[in-house]
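Below is one structure, written out as structure tokens; comments come after it.
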2 protein chains.
Amino acid sequence: MAKAKNQKPDYEKMLRKAGVRITRPRRIILGILSDAGDHPDALEIFRRAVAVDGSISLSTVYRTMKLMEGMGAIHRHAFEGGPSRFEQAGGDHHDHLIDIESGDVIEFKSDRIEQLQDEIAKKLGYDIVHHRLELYGRKRRTG
Amino acid sequence: MAKAKNQKPDYEKMLRKAGVRITRPRRIILGILSDAGDHPDALEIFRRAVAVDGSISLSTVYRTMKLMEGMGAIHRHAFEGGPSRFEQAGGDHHDHLIDIESGDVIEFKSDRIEQLQDEIAKKLGYDIVHHRLELYGRKRRTG
DNA sequence: CTCCATGCAAATCGTTTGCATGAGC
DNA sequence: GCTCATGCAAACGATTTGCATGGAG
């Protein structure tokens, strides 16, 4: 049978376990994160949330992001030259290629690079707590 | 004879070539960058500059950083959870390992990783314009 | 002597926070 | 009902900018 890891998080269960309230704004915001196929920033999440419930505030979006980030349910990415963008956690670890023209984010994974990073850190006498690998590029002109 | 590349930039010559004025604040700020063995942020550069000339302003530090960055003479690094930190350009390309306890920055270089990045980007149909690889770690406890 | 660069203060942007009210449980 | 979460507006930190003056060429 399959390993029960790398599941998409069940946000409501996590909130309950953390002993915090399951409120309407939280439900809506987290629903948006679950549905998102992209990497929206706080303002974009706010826009999508307002489309569902006009009374939701940007503060609550930020507060919810911080709450979920703290419990490891979402990842925050501070790509260059823009606001933080969010992604639901739970998938495999991956890095990002950012299309500098469109802002699109493409996920990729390289075990070999991860391994080399570990070797480098070890050689320098460090344990890696976290890392960030971002490629900024432009679509190759298909001449 | 050695290749004349990867030299430390001669800031005054660059400024002259760019047709901008060589002022006292610029001379002082750039002198600080040249002498810096670390990766100071704007405020730290400002502090060091004020120690030389108390009339220098933080705005001028920022303006000078932007000017030099524009001409490729310095690099700006937006490490996690802090202000931008600056480094004079001209050395070999390298990436960074950030000591999350002290904030110290250790430079490293991996041709193999660079090569793998290129392969990944190519496979995804992109040309890499720029990339960012940062390892955040903690000194290994030397039991 | 002409502009460009400066210092200062105010503006900006993304994000966080204090406070009084309202909604989970 | 008792808190905790919310909306709002104000505060925040890093950085940028408008403006009048001063200094480089």
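Just so it is clear: chains get the letters A, B, ... in the order the sequence lines come, proteins before strands, and each one is counted from 1.
For the pair B:Val61 and A:Arg27, both in contact range of DNA chain C, the more 5′-proximal nearest nucleotide belongs to B:Val61.
Over its length, the helix from C:dC1-D:dG25 to C:dC25-D:dG1 turns its helix axis by 30°, as judged from the five terminal pairs at each end, rounded to 10°.
Scanning both residues, B:Arg138 and B:Ile100, for their nearest heavy atoms gives NH2-CD1, 3.5 Å.
Between the CG atom in A:Leu67 and the CG atom in A:Leu15 there is a gap of 6.5 Å [rounded to 0.5 Å]. Annotation: the span from B:Arg47 atom CZ to B:Leu58 atom CG amounts to 10.0 Å, rounded to 0.5 Å. Atom CD in B:Gln117 sits 11.0 Å away from atom CD in A:Glu134 (nearest 0.5 Å).
Salt-bridge check for A:Glu12 with A:Arg27: passed, with a basic side-chain N closer than 4.0 Å to an acidic carboxylate O.
Between C:dA23 and A:Arg21, no contact under 4.0 Å exists linking OP1 or OP2 to a side-chain N or O. Residue A:Arg24 places none of its side-chain N or O atoms closer than 4.0 Å to OP1 or OP2 of C:dG22. A sub-4.0 Å separation between OP1 or OP2 of C:dA5 and a side-chain N or O of B:Thr23 is absent.
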query: What does nucleotides 9-18 of chain D look like as a protein-contact string, B for base, S for sugar-phosphate only, - for none, at under 4.0 angstrom between heavy atoms?
result: B----SBBBB

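A donor-acceptor contact under 3.5 angstrom links the side chains of A:His93 and A:His131, judged on distance only.
The backbone N or O of A:Glu80 sits less than 3.5 Å from a side-chain atom of A:Tyr136, completing a donor-acceptor pair.
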